[in-house]
Protein chains: 2
Amino acid sequence: MKFIPNLSYDCVIFGFNGKTLKILILEYHNTGLFALPGGFIKKNQSLQDAVNKGVEERTGIKDVFLDQFQIFGDPERADPIAMRRILEANNQDLKKNEWMMGRFITVGHYALINYEDVDPKPDHLSDSIDWYDINSVPKLMMDHNEIVDRALEVLRNNISEKIIGMNLLPPKFTMKQLQQVFEAILDQTLRRTSFQRKMLSLDILQRHEKLFEGKAHKAPYLYSFK
Amino acid sequence: MKFIPNLSYDCVIFGFNGKTLKILILEYHNTGLFALPGGFIKKNQSLQDAVNKGVEERTGIKDVFLDQFQIFGDPERADPIAMRRILEANNQDLKKNEWMMGRFITVGHYALINYEDVDPKPDHLSDSIDWYDINSVPKLMMDHNEIVDRALEVLRNNISEKIIGMNLLPPKFTMKQLQQVFEAILDQTLRRTSFQRKMLSLDILQRHEKLFEGKAHKAPYLYSFK
DNA sequence: ATCTATTGTCTCACTTTATGACAATAATTC
DNA sequence: GAATTATTGTCATAAAGTGAGACAATAGAT
């Protein structure tokens, strides 16, 4: 067995489409089972490397911002019946994959990516991998819904750090786009003027000369993070 | 083997003696090696249960506040030479304990306890377990110094939550003591009046009639968390 | 040229925080 | 037992931050 037994990772991959926050969810062939993208760690691989490779395989982007935010270590969190169903539906050898039905402690991560850069690709066990609005996530297997909830909570607590907006937005963006990211994450509307004043006072934004054009009104400045 | 292989936990146990923040560090017999208290997880045990038991064994207190704050998953973090030295110095069977020299992914925790309640007890491999001032932590084995640094960082970020002061202080305390906890954690002095006003406005404190006596000045009120 | 929608900025009221001042008081000292 | 000392709880004022609205500027549509 090339993997570290009983240890896995799962990843809540956040993207922002300009309006709402979304996450990537995969569906297994012929089972109706939904799950977070996840995987295992090879015996000589760093955790970070394993997760990076997993995210890259499924989204095609490298060097994603990743935060490993919590372990889920309940011995009862495994769901061997669902796992067996997935293996059977994919004609996998049950004997050989028995270890997958055992107990797993999983390392919960969240990733922040620029929605537009992504071309989601299902893995060999999965039918599809798609974006789901954070407010309409389907029932997921095992404790994956809990992992999503906790990831969102952590994200909300960390929103003041510029690194978050940086990873959900293109390199140059308008003040309005930045506000929309905040609103999508916090799930509340913010006051335009106060938001703008606050952001500018933080001294983390660089204003650019070139404006954003194409709409029938005053063109907004473009900003990037310093 | 009754433990989950390649997985361990380590714990930064914080206490507050009224002046400075301290942590518990253990020293292995005849080796001069210092380390954080840690351990392994049994195959059918929850992570939380394992850590709780470990902390209880060494401090004698149950139901400690524990936050599992980060995984350390670098495959190079193991130090088989030091581990062998510890086993040899304790006359342990090297063959039987070979697994301990392998690679470990460790789950970093921090615990907050009331300094006065504690009677630290070394485990069977260790000489001693003692409080060390957070500013004079010795060189620890493996990446344990990094774990301490990260724990302190996380603690600083979480200080506004009442749960932290609650676990580092006795049930009733003065405003000054509370301020000293904040100052020790943040490593900076705070303004007395602003601090007091802020704490009272948070509506998390209960003021008691009984005052704290024994000093040659106006007696401060005692408070507890609501 | 005029209109429309949105932007950047300003103002004023209100809230929160910083900083200093001061009276209250428990134990100590005389 | 009166004066002293150190520290506490609270207030006063100044400074900084935030909420809510107003208004001029302007890129493209009409």
Side-chain angles (χ1 to χ4, degrees), chain A residues 16-20 156-157 159-162 165 169-226, chain B residues 16-20 156-157 159-162 165 169-226:
Chain A
F16 179 67
N17 71 347
K19 288 187 181 169
T20 60
R156 282 181 180 152
N157 287 334
I159 192 176
S160 53
E161 297 165 32
K162 78 172 186 182
L169 287 170
K172 292 189 181 180
F173 47 87
T174 65
M175 188 60 76
K176 174 146 199 164
Q177 285 177 296
L178 184 61
Q179 184 175 342
Q180 282 169 325
V181 170
F182 271 71
E183 290 180 334
I185 292 177
L186 297 175
D187 195 25
Q188 61 180 258
T189 59
L190 301 172
R191 240 149 258 292
R192 185 178 64 92
T193 52
S194 303
F195 180 79
Q196 174 140 322
R197 187 177 32 189
K198 184 67 182 279
M199 285 301 121
L200 292 177
S201 76
L202 290 178
D203 200 35
I204 56 171
L205 296 181
Q206 169 93 46
R207 178 181 281 186
H208 298 276
E209 270 318 303
K210 197 159 189 303
L211 305 176
F212 182 84
E213 300 169 3
K215 289 280 178 61
H217 53 73
K218 179 170 180 177
Y221 287 109
L222 284 171
Y223 297 88
S224 63
F225 289 103
K226 270 186 187 168
Chain B
F16 179 67
N17 71 347
K19 288 187 181 166
T20 60
R156 283 182 179 151
N157 287 335
I159 192 176
S160 54
E161 298 163 31
K162 80 172 187 184
L169 287 169
K172 292 188 181 180
F173 48 86
T174 64
M175 189 59 76
K176 173 145 200 164
Q177 285 177 296
L178 184 60
Q179 183 175 343
Q180 283 169 325
V181 171
F182 271 71
E183 290 180 335
I185 291 176
L186 297 176
D187 194 25
Q188 61 181 256
T189 59
L190 301 172
R191 236 152 257 293
R192 184 178 65 90
T193 51
S194 302
F195 179 81
Q196 173 141 319
R197 180 160 33 84
K198 184 66 181 282
M199 285 300 120
L200 293 177
S201 76
L202 291 178
D203 200 36
I204 56 172
L205 296 180
Q206 169 94 46
R207 178 181 281 185
H208 297 276
E209 270 317 305
K210 197 160 188 301
L211 303 176
F212 181 84
E213 300 170 1
K215 289 280 178 63
H217 54 74
K218 180 171 180 176
Y221 287 108
L222 285 171
Y223 297 88
S224 63
F225 289 103
K226 272 187 185 166

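What you see is a predicted model, and the numbers here were worked out from it, not measured in a lab. In what follows, chains are A, B, ... by sequence order, proteins preceding strands, each numbered from 1.
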Starting at CD of Gln180(B) and ending at C1' of dT7(D), how long is that distance when rounded to a whole Å?
-> 12 Å
Could you check how far CE of Met175(A) sits from P of dA5(C), rounded to whole Å?
-> 23 Å
Enter the distance from Gln180(B):CD to Phe195(B):CZ here, rounded to the nearest 0.5 Å.
-> 10.0 Å
Let me know the distance between CG of Leu190(A) and C1' of dT7(C), rounded to the nearest Å.
-> 17 Å
If every non-hydrogen atom of Thr174(A) is compared with every non-hydrogen atom of Pro220(A), which pair is closest and at what distance?
-> CG2-CG, 3.8 Å
Backbone N or O of Thr193(B) within a donor-acceptor pair of the Gln196(B) side chain at under 3.5 Å?
-> no
Interatomic distance, Leu178(B) CG vs dG9(D) C1' [rounded to whole Å] | 15 Å
Length of the line joining Met199(B):CE and dT16(C):C1', which is rounded to integer Å | 14 Å
Taking the six-membered ring for Trp and the single ring otherwise, decide whether the centroids of Phe173(A) and Phe225(A) are under 6.0 Å apart.
-> yes
Identify the two heavy atoms, one from Arg156(B) and one from Ile185(B), that lie closest to each other, and give their separation to 0.1 Å.
-> NE-O, 2.6 Å
Given atom CZ of Phe173(B) and atom P of dT8(D), what is their separation to the nearest angstrom?
-> 15 Å
Students should find that the end-to-end axis angle of the helix from dA1(C)-dT30(D) to dC30(C)-dG1(D), with five pairs defining each axis and rounding to 10 degrees, is 10°
Shortest non-hydrogen pair, Leu205(B) vs Met199(B), comes out as CD1-CB, 4.0 Å
Taking every non-hydrogen atom, the tightest pair across Phe182(B) and Leu190(B) = CB-CD1, 3.7 Å
In whole angstrom, what separates Gln196(B)'s CD from dA18(C)'s P?
-> 14 Å
Could you run down nucleotides 17-26 of chain D 5' to 3' and tag each one B, S or - for protein heavy-atom contact under 4.0 Å?
-> -BBBBB--BB
Where is the tightest heavy-atom contact between Tyr223(B) and Arg207(B), given as atom of each residue plus distance?
-> OH-NH2, 2.9 Å
Measure from CG on Leu222(B) to C1' on dG9(D) and round the result to the nearest Å.
-> 14 Å
Between Lys172(A) and Gln177(A), which heavy-atom pair has the shortest distance, and what is it?
-> O-OE1, 4.4 Å
